[in-house]
Amino acid sequence: MEMIQRIRDWLEVRIGLDELIRENLTEYRVPKHINLFHALGAVAVVGYVIQVITGICLLIYYIPHADHAFRSVQDIMTRVPYGWLFRQMHVVGSNLLITAVLIHMVTIFLMGNYKRPRELTWVSGGMMLIITLGFGLSGYLLPWTQLSYWATTVVTSIPTAFPVVGDFFTRLLRGGNYVTGVTLTRFFALHVSILPPLFVLFMALHITLIRRIGLSATPFGKSDEEKRPLTEYRKKTHPDGHPYYPYLLEKQAFMGMIYFMGMFAIITFAPTFFFPEEATVPADALKTPENIRPEWYLLAPYQMLKLIPNKLLGILIQIILVAVFIFWPFLDTHKEKNIFKRPVLRGVFIVLMISMVILMWWGSR
Amino acid sequence: MVMGLVLLAFPLTAFGDYREEFEKGFLTKTWSGQQPEENFCIECHSSDKMKPEFLTIAEEWKASWHAQNQIACHDCHGGDPKDPSMSMSPHRGFVGKPAPNEVPEFCGKCHIGILKNYLESDHGKAFRSSGKGPNCVTCHGSHGIQQANIEIISEQRCSKCHSYERARTMKQALFLTEKKIAELSQGLLNLRKEGVYIDDERMNLFSIQAEFRALFHSVDVNMVKDRTDEFSHKLSAVENRIRATERELRFRRNFSALILLFFVSMGSVLYLLIKTPKE
């Protein structure tokens, strides 16, 4: 105990530890009616940290070369002590992370917390979601299995629907005309060295904006969101709210545990959930498997593209949808935050969600 | 900056046939589902113009063990399945249907070990001397060939030429080893369903099986009995590895269940903390 006190004192005189704790934990106030959904952002952070740690562990043994990638992944699964655990955590974690981020964005949408002055917070979050999908896509090829090879072949064909720049972009992604070892090394570079700094940049921006603007209160409780004209910067401090510690921190920790429970429930009871049979067969450019389909989170756009006869039109529609999603705070200027008081938006949202689920189910068949 | 330029310059130097590939594949075909390779052998042998006696060939082949293992018409008969004008050209190696006395060599192009043992067996000797002994298709059939198993040795089939007694003894000598091979194959398939890479072990088992079946084609019961121990030993090694992998999978499941339990406990404690009234 004396040792801990000495370390505390040492830090206190150098960095002002007590003040740091006070400002960020006990004196940092959060809205009174804060709920578990407010903790989803922190869950996403936990998810990213797990991905980084397990990713580094995998990186030690993975060989990004077409001749060795598959074998090195099999070695991680069978020969590296607890390599299977790190790989399972990384694979299951990537899927859970996308789920957590999607739920986080849906709840932010439902609570109207994207509205001014938090437009930039939403945009940076949307960019993080897109980068996360980029992580998923680039990481999917790395095990160099039949599943990953052919899914990547399909996905990297999509840009060719664009006139003029389409061919260039596909060639840029593939590093040639087909998915080859060059594509593997490119996707590897994308996965471990291009996307991470980009992601950290948006994450830093996202968290800075949250701290700078202040947390938004839920509109489902007693609404305390100001509807004043936005003429000057004013941080939302919630002086009548609860301290961050223990109120929100406990909720965040609890949701973090739920995240881990989901992860280990899948690893324990359904270890092959994300590893269908094609995922245990090495990539073979000459043998097309029967059912090529992308990951679950790309199934809805994939099925939509299949349904629209003109592929260029299909892709343009998807790009417009993504742009609307990212810049939604600038398009929705209605002052009411509570979606239950906005029947049209609520209807559109329900139709969109049902369509997404149907398209996903359809695409998986 | 320089790295960025290099990255952009590299793909630009590649020659592109994307447009053609894309339009052929992406725009005209569905994105998923089986993409059948062009095969004019199958096409002609399924068309109305084909003589009725040749019409069943394609269907028989599609249901065969050869088809399941991607052994197509041209692998045995030669020719070019992608070019209708040259599909039956001797210049492309087309040999057509072998004469009965050519059948062992025809199949033996791939099944080399079996051919050797067969030719040295009583079956092979009888076939070569009189042309009346059984050849490959007598027992295995041709286009509709199925995965070989011990049931091929049957009274109905063997007694066409001789008494069943000797064949029965051979079947008994083979039985336990064949049963073990079938069990191990199933064990490996189960491991694959559990996400384990089994191709190396499967190839190993396949080569043991092929060696054992080549031995059987000598139709020498004593030789089969003498060498059964040797095969049992090899199969035991495979079985031990399968059991070890199964144990490892059980350990993984229990280990992750333990971690799950830890997080459930932590979650429960935190839930109680959240529900505890605060000052």
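Lettering of chains follows the sequences in order, A, B, ..., and the numbering in each one begins at 1.
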Interchain contact, A:Pro276 with chain B, by part (heavy-atom threshold 4.5 Å)
neither

Would you sort out whether B:Ile181 and B:Leu235 count as a side chain to side chain contact (heavy atoms under 4.5 Å, CB included), showing the intermediate values?
CA-CA 7 Å; B:Ile181 290 171; B:Leu235 292 172; 3.8 Å; yes

One option among A:Phe260, A:Tyr82, A:Phe269, A:Trp84 has the most heavy-atom pairs under 4.5 Å with chain B, and it is A:Trp84

Excluding sequence neighbours, so at least two apart, what forms side chain to side chain contact (heavy atoms under 4.5 Å, CB included) with A:Trp296?
A:Asn95, A:Ile98, A:Thr99, A:Leu102, A:Phe274, A:Leu299, A:Met360

Should the pair B:Arg92-B:Asp83 be classified as a salt bridge under the 4.0 Å nitrogen-to-oxygen rule?
yes

Side chain from CB out, backbone as N, CA, C, O: work out which of these in A:Leu173 comes under 4.5 Å of a heavy atom of chain B, or both, or neither.
neither

Over 60° means perpendicular and under 30° means parallel, so tell me whether B:His77 and B:Phe106 are parallel, tilted or perpendicular.
tilted

Give, as side chain, backbone, both or neither, the part of A:Glu250 having an atom under 4.5 angstrom from any heavy atom of chain B.
both

Going through the distances and angles, do B:His74 and B:Cys41 end up as a side chain to side chain contact (heavy atoms under 4.5 Å, CB included)?
CA-CA 8 Å; B:His74 62 284; B:Cys41 311; 5.6 Å; no

With no hydrogens and no angle check, is any side-chain donor or acceptor of B:Asn240 less than 3.5 Å from a backbone partner on B:Ala237?
no

Not counting sequence neighbours, which residues clear ring pair (Phe, Tyr, Trp, His ring centres under 6.0 Å) with A:Trp144? List them please.
A:Tyr149

Side chain, backbone, both or neither: which part of A:Ile267 has an atom under 4.5 Å from a heavy atom of chain B?
both

Given a strict heavy-atom distance threshold of 4.5 Å, which part of A:Thr272 is in contact with chain B: side chain, backbone, both, or neither?
side chain

Between A:Ala279 and chain B, with a heavy-atom cut-off of 4.5 Å, which part of the residue counts as in contact: side chain, backbone, both or neither?
neither

If you measure only the distance, is there a donor-acceptor pair under 3.5 Å linking the side chains of A:Arg171 and A:Thr156?
no

For a side chain to side chain contact (heavy atoms under 4.5 Å, CB included) check, start with the C-alpha distance between A:Thr26 and A:Tyr244, then their side-chain angles and the critical distance, and finish with the verdict.
CA-CA 6 Å; A:Thr26 49; A:Tyr244 171 73; over 6 Å; no

A:Lys251 to A:Tyr247 six-membered ring, cation-pi geometry met (6.0 Å, 45°)
no

Strictly less than 4.5 Å between heavy atoms, which residues of residues 192-206 of chain B line up against chain A? Please order them by number.
B:Arg192, B:Lys193, B:Glu194, B:Gly195, B:Val196, B:Tyr197, B:Asp199, B:Asp200

Could you give me the CA-CA distance, side-chain angles and deciding distance for A:Gln252 and A:Leu248, then say whether side chain to side chain contact (heavy atoms under 4.5 Å, CB included) is met?
CA-CA 6 Å; A:Gln252 288 174 334; A:Leu248 184 55; 3.9 Å; yes

Taking heavy atoms only and a threshold strictly under 4.5 Å, list by residue number the residues of residues 252-263 of chain B that touch chain A; give 'none' if the list is empty.
B:Arg252, B:Arg253, B:Phe255, B:Ser256, B:Ala257, B:Ile259, B:Leu260, B:Phe263

Are A:Tyr245 and A:Tyr28 close enough that their ring centers fall under 6.0 Å?
no

Pairwise side-chain contact, A:Phe275 with A:Leu147, heavy-atom cut-off 4.5 Å (strictly under):
no

